[in-house]
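Scroll down for the structure; my scribbles are underneath it.
Hydrogens, waters and symmetry mates are skipped; everything else that's a heavy atom, side chains included, is used. Chain letters run A, B, ... following the sequence lines, proteins first, then strands; residues in each count from 1.
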There are 2 protein chains.
Amino acid sequence: MTEQAAEVDQLRASDGRVPGRRGRATRQRLLDCTAEMLRTTSYRAIKVIDIAREAGTSPATFYQYFADVEAAILVLAEEMAADGERLVQLVREGTWRGKAGYRTALALTDAFLEFWDEHRPVLRVVDLATDEGDHRFRNIRVKVLNAVVRELAAVIARFQEEGRNTGVEPMAQAGTLVATLASVAAHHAGFEYWGFRTDDVRVSVARTVYWGTTGQRPPADG
Amino acid sequence: MTEQAAEVDQLRASDGRVPGRRGRATRQRLLDCTAEMLRTTSYRAIKVIDIAREAGTSPATFYQYFADVEAAILVLAEEMAADGERLVQLVREGTWRGKAGYRTALALTDAFLEFWDEHRPVLRVVDLATDEGDHRFRNIRVKVLNAVVRELAAVIARFQEEGRNTGVEPMAQAGTLVATLASVAAHHAGFEYWGFRTDDVRVSVARTVYWGTTGQRPPADG
DNA sequence: CGGTTCCCTGATGGATCGTCAGGTCTCGTT
DNA sequence: AACGAGACCTGACGATCCATCAGGGAACCG
């Protein structure tokens, strides 16, 4: 199956037809309202009837485009995954040596914080569903994070060739660092609630990423 | 209000009375079944009627002891929080210098992995609810993790008095490390799915914790 | 303007929710 | 052992949501 055919299949309505202009607009409206509901109410409390009402349509229409609420969220999650490409690029295109390397680590930390702030409502559902063993959502999570992990592992492997940062398996090390980035990004609001300053946390994370990637002590002046 | 009075209040049924022997047994049965449902079905799909059926009683009985499903899970979460004390003890009672220090880091990593494996179904709901801004659940999460963070921050501060591991704010640094521990513990199953060996991840985490706490390079031979 | 395809909805049977009033069980008292 | 008095549980109910039809409008084309 071509990629394009797969894309069409995703749009396909429940009765098998491929929606036209009006249909796609309705579908998008439903997606927007789903995102809105996700932002304003708890995941558990979201009802398709609420989404439909918000979109000015009936529940039956919702079911024409999505099998259930999770299917709609899955689409939102895929849009998010596409946006995640920018995280990968930061790792790939940044330099990792010296002070510039530390700046790359800082930039990556900021990018994670920003990414999570932007996609938090979707990400928390992705996390939950992944943890509950839902394959479709796990694949999304992998698509975003695994790409970053691979790229970072490549950087680590290069340092290891030079005899630095030895004693760790590059993928495992990269996975650990990405876990740190993701977890802090997910919970930094909670950190602030405890009285942490986000900037202090940001520095700690960036230093950890720099050290964990290069095996070298971060620049003293931050 | 005394602590005991607060405990009694938690048990109090919806009509204000304090349950006796039979009532407490029923309540416990409902809690057990809630935990079981949490293990076997998705959070979103849990219905009070299912819990009641599983417990061999009627929905009305459930509502006599809990306002809703979340209230029951909250009780499970509090039991979990009590168990979290063992993580704090590991940090407090372990030594953090030299190879023994690295062994403490490894032990802490293992303890987190074990803790998450044991309490995963509850923890994922705590995480979600916390992220959604539910204060009651956030307090639980704080109770478990903040205690570990404080203890670890105290260790970091001691190293800083000796001129080591400078340039970071102890609480922020400890928070970052605990985020790493928690995140890896939460997702190590996913790591394995990608083909990582848990043992490699374990080493990476322990080394990161050791470095982040002491400011020193971990022992070469692991 | 008529026909065809696309899109939407009212209606519906089934399930769950949350809450009573009232029945059943337990246990201490006599 | 019989008897209350609470303690405990449940049947029943109106409200809501689910998920799915068949059929009524809307848009587009010739």
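- Rounded to an integer number of Å, the gap from B/Q64 CD to D/dA7 C1' is 9 Å.
- The phosphate of D/dG11 (OP1 or OP2) has no side-chain N or O of B/S58 nearer than 4.0 angstrom.
- With DNA chain C read from its 5' end, the first of the two nearest nucleotides for A/T61 and B/D68 is the one closest to A/T61.
- Between the CZ atom of B/F66 and the P atom of D/dC8 there is a distance of 14 Å, rounded to whole Å.
- Between B/F196 and B/W194, the angle of the ring planes goes over 60°, which puts this pair in the perpendicular group of the 30/60° scheme.
- Comparing D/dC18, C/dT9, D/dT10 against the side chain of A/K47 picks out D/dC18 as the nearest.
- Under 4.0 angstrom from either OP1 or OP2 of C/dC7 there lies no side-chain N or O belonging to A/R21.
- An OP1 or OP2 oxygen of D/dC17 is reached within less than 4.0 angstrom by a side-chain nitrogen or oxygen of A/R53.
- Considering only side-chain N and O atoms, B/Y65 lies under 4.0 angstrom from the phosphate OP1 or OP2 of D/dC9.
- Across the protein-nucleic acid pair, B/I51 atom CD1 and C/dT16 atom C1' stand 13 Å apart, rounded to whole Å.
- No salt bridge links B/E192 with B/R197; every basic N to acidic carboxylate O contact stays at or beyond 4.0 Å.
- If B/V48 and B/R22 are placed on DNA chain C by their nearest nucleotide, the residue sitting closer to the 5' end is B/V48.
- In the set C/dG18, D/dC17, D/dC28, the nucleotide with an atom closest to the side chain of A/I49 is D/dC17.
- The cationic atom of B/R124 (NZ for Lys, CZ for Arg) does not lie both less than 6.0 Å from the six-membered ring centre of B/Y43 and within 45° of the ring axis.
- Distance A/F62 CZ to D/dA19 P: 10 Å, rounded to the nearest Å.
- Between A/Y63 and D/dA19 there is a side-chain polar atom (N or O) within less than 4.0 angstrom of OP1 or OP2.
- Rounded to whole angstrom, the span from the CE atom of A/M37 across to the C1' atom of D/dC17 amounts to 13 Å.
- Spacing between atom CG of A/L30 and atom P of C/dC8 amounts to 8 Å, rounded to whole angstrom units.
- Remark: P of D/dC17 and CZ of A/R44 are 15 Å apart, rounded to the nearest angstrom.
- For the pair A/I46 CD1 and D/dT16 C1', the interatomic distance rounds to 17 Å; values are reported in whole Å.
- Heavy atoms only, all atoms of each residue included: B/C33 and B/E54 are closest at SG-CG, 3.6 Å.
- In this structure, a donor-acceptor pair under 3.5 Å is present between the side chains of B/D117 and B/H188.
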